[in-house]
J.: 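Have a look at the structure that comes next, please.
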2 protein chains.
Amino acid sequence: MATLREIAELASVSVATASRVLNGSAQHHPVSRDVQASVRAAAQTLGYTPSAPAQALKQQRSKIIGVIASDILDPYFAEMTRGIEIEAAKYGYVTILANANRDPDQERTKFRVLREHQVSGIIFCGSDIEGSPGTAELAREVNLAVRSGTRVVALAPRGFDSTKIVIDNVAAAHELTRYVLSLGHRNIAFIGGIPGLSAAEQRIDGYRAAMFEEQAHPHVLGLSGMSQESGKDAVTQLIASGPLPDAIVCANDEVAVGVLAHLWGSGYKTPDDVSVVGIGGARSGAVFGLTTMTLPLVELGGLAARYIATAGTSPEVPAAPRFELHVGSTSAPR
Amino acid sequence: MATLREIAELASVSVATASRVLNGSAQHHPVSRDVQASVRAAAQTLGYTPSAPAQALKQQRSKIIGVIASDILDPYFAEMTRGIEIEAAKYGYVTILANANRDPDQERTKFRVLREHQVSGIIFCGSDIEGSPGTAELAREVNLAVRSGTRVVALAPRGFDSTKIVIDNVAAAHELTRYVLSLGHRNIAFIGGIPGLSAAEQRIDGYRAAMFEEQAHPHVLGLSGMSQESGKDAVTQLIASGPLPDAIVCANDEVAVGVLAHLWGSGYKTPDDVSVVGIGGARSGAVFGLTTMTLPLVELGGLAARYIATAGTSPEVPAAPRFELHVGSTSAPR
DNA sequence: TTGTACGCGTTATCAC
DNA sequence: GTGATAACGCGTACAA
């Protein structure tokens, strides 16, 4: 790997000049046209590649954005990380992806590792689980880092003092439930969630609020996860316990897919027998024609990445983008 | 962030000693017990965190593994990256994830960026598309890097000279098709793939071979992608063009899910009306009870990560793990 | 407009 | 068993 010194020698200039030409500061610091040309030529022939570690060491910050995801495999987070990656790349940043399995201890470990790498910022995808052991320690550590200048962004409800770009889950679920109510349904169940998982609980709150407004009785079940599997389990239970409700609001699209798969597999039809709606809008539900409250996850990730990448120039925190109802073929009037 | 110098001062030792204590070499280089203790104490109170860039600069290699994925959102690759991440973490490595959208030019760009970061190795998830513009340039660049000592691992068929840990797609599809044939089916269609995509073509080859062996007529369609959407499109076409085949072998699980979703949505039943099987074994098909040839993707990623992380000590290339048939509820005897 | 020289935090080589 | 010190590759005051 060619170094700046070799370039400088070949171009018969000082390393300082070579550096100025090859790394941006040529704007602030004038370099004559021909020198620029010869330096670039030299870099070309030697196949110069700047050393990111050296730059990071010098600048006290690497062009890396750290991402801590609750679960890489969940399309919900995959969408976010994708948005982050794409936007980061536009600014010459790269992303380190760390999976934390919704475990605060793992999150703390990853957080540390990311800091060791002098990342420009750290993005948390996914909310925390209240009362989960280790949450407090994580919060302490994050708060400390934030106070010392590290840019930390949370893309979901979190109990620490980071920048937050969070979708209004209460409103999303509320609006979605209102839509289902507007179809004439009253007996509407809510499926999915994890006790203490803020994002899920907010969605349940929104659902409950909408139900109460119409004097309908909320019925929440299947608080055993946010996966397809948990959707399937919950609907199995629902089927066993009597006639189906008019409609099912799912905690996210994954749950909804699980619900649909099991319903269809059991001979039920949507929306004839029951309407099913989800929250998320990632691709997973598309092929089923799932009606869902689309959350702009890619965009959300992009905003966080841009916020970190442009830290110096534009410090204002972007507002979370708005969700949008996507009506598919799994919901219909009563 | 506390530096080694500060630690050294607080512990009243030299930076050299502090370094020896805090970063491994204490094994090779003896340091007295009490000095060790005081250094550790100092590090503790000052909250010492080593600087990864500084270490990387010194060692000419960072503890980072670069991953270039064809499509982060595809669970197939998500599984691999997850396996990589988990195994890498065990060795104190971190992974930079780059998405390349199956575009050789993007792959080349990402490849460069990863090299700039002095990564210990680069893993390609996903095969190339023969004849796709830019493939040759990518190959040239990768070959060059490989020759200069960079560890590059491909987890799918690739046209460059990297280390390869690749599942035998031909055999997987062959065995899967033989299983379907053994159920008594003869009219078996193959759905999915992308022209030139090596992995897909190998699966088609395996399918064809198995069909020929039983004097059955292969019928390949839907070469328009490896997504749920393409599965759906292909099956739509299949339905329109006459009676369904006995069984459908899908290029991967995503396609299979798309096929199932559309079949079920159209009132068909599996396996009564038609058997459907996939290749992949990622979680996506589980909730549908999909019969699939399970590929050990997480393990595959882990092997690659370990191979890179242990580059110094164990240079032998691991063999690709073996696939395994998982019989679900979407396939049955004729 | 260009060059000199220093330091970023770490490890490794030498000397003690 | 411990300590100076020289790199690693780069950016940037400061001089010229």
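Only a predicted model underlies this, so the values are computations on that prediction, with no experimental measurement involved. Here is the naming used below: chain letters follow the sequence lines, and residue numbers restart at 1 for every chain.
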J.: Using a heavy-atom cut-off of 4.0 Å across all strands, would you classify L4(A) as base, sugar-phosphate, or nothing?
T.: sugar-phosphate
J.: Strictly distance-based, threshold 3.5 Å: is any side-chain N or O of R151(B) a donor or acceptor partner for the main-chain N or O of S120(B)?
T.: no
J.: Check the distance between dG9(C)'s P and R61(A)'s CZ and give it to me in whole angstrom.
T.: 14 Å
J.: On DNA chain D, does the nearest nucleotide to A54(B) precede the nearest nucleotide to A16(B) from the 5' side, or the other way round? Give the residue.
T.: A16(B)
J.: To the nearest Å, give me how far apart NE2 (H117(A)) and P (dG9(C)) are.
T.: 17 Å
J.: Classify the side-chain pair R112(A)/T49(B) by whether it contains a donor and acceptor separated by less than 3.5 Å.
T.: no
J.: Taking the side chain of S32(B) as its heavy atoms from C-beta onward, which of dG3(C), dT10(C), dT2(D) lies nearest to it?
T.: dT2(D)
J.: Test for a donor-acceptor pair under 3.5 Å between the base of dG3(D) and the side chain of R20(B), counting only N and O atoms.
T.: yes
J.: Taking only the side-chain nitrogens and oxygens of S19(A), find out if one of them lies under 4.0 Å from OP1 or OP2 of dG9(D).
T.: no
J.: Under 4.0 Å between a Lys/Arg side-chain N and an Asp/Glu carboxylate O for K90(A) and E87(A)?
T.: yes
J.: Nearest of dC10(D), dG9(C), dT12(D) to any side-chain atom of L57(A)?
T.: dG9(C)
J.: Could you say whether T17(B) or Q60(B) is positioned toward the 5' end of DNA chain D, judged by the nucleotide with the nearest heavy atom to each?
T.: T17(B)
J.: Is it the case that the base of dT12(D) and the side chain of H29(A) share a donor-acceptor contact (distance under 3.5 Å, atom types as modelled)?
T.: no
J.: Counting the atoms with a prime plus P, OP1 and OP2 as sugar-phosphate, which does P50(A) contact under 4.0 Å by heavy atoms, base, sugar-phosphate, or nothing?
T.: sugar-phosphate
J.: Round to the nearest Å and state the distance from R5(B) atom CZ to dT5(D) atom C1'.
T.: 13 Å
J.: Looking at the side chain of K58(B), which of dC10(D), dT12(D), dT10(C) is the nearest nucleotide?
T.: dT10(C)
J.: Please check the phosphate of dG3(C) (OP1 and OP2 only) for any side-chain N or O of S14(A) closer than 4.0 Å.
T.: yes
J.: Could you give the CD-to-C1' distance, from Q36(B) to dT2(D), as a whole number of Å?
T.: 13 Å
J.: In whole Å, what is the span from the CD atom of Q59(A) to the P atom of dG7(C)?
T.: 17 Å
J.: Kindly say if N23(B) contacts the phosphate of dT10(C), meaning a side-chain N or O under 4.0 Å from OP1 or OP2.
T.: no
J.: Calculate the interatomic distance between Q118(A) atom CD and dC8(C) atom P; express it in whole Å.
T.: 13 Å
J.: Between E141(A) and R115(A), does any NZ, NE, NH1 or NH2 come within less than 4.0 Å of an OD or OE carboxylate oxygen?
T.: no
J.: Is R102(B) paired with D128(B) through a side-chain N to carboxylate O contact shorter than 4.0 Å?
T.: no
J.: Strictly below 4.0 Å, N to O, side chains only: are R158(B) and E107(B) in salt-bridge contact?
T.: yes
J.: To the nearest Å, how far apart are D34(A) CG and dT1(C) P?
T.: 10 Å
J.: For Y48(A) and dC10(D), what is the distance between atoms OH and C1' respectively, to the nearest whole Å?
T.: 7 Å
J.: Check whether any side-chain N or O of Q55(B) sits under 4.0 Å from OP1 or OP2 of dT11(C), and answer yes or no.
T.: yes
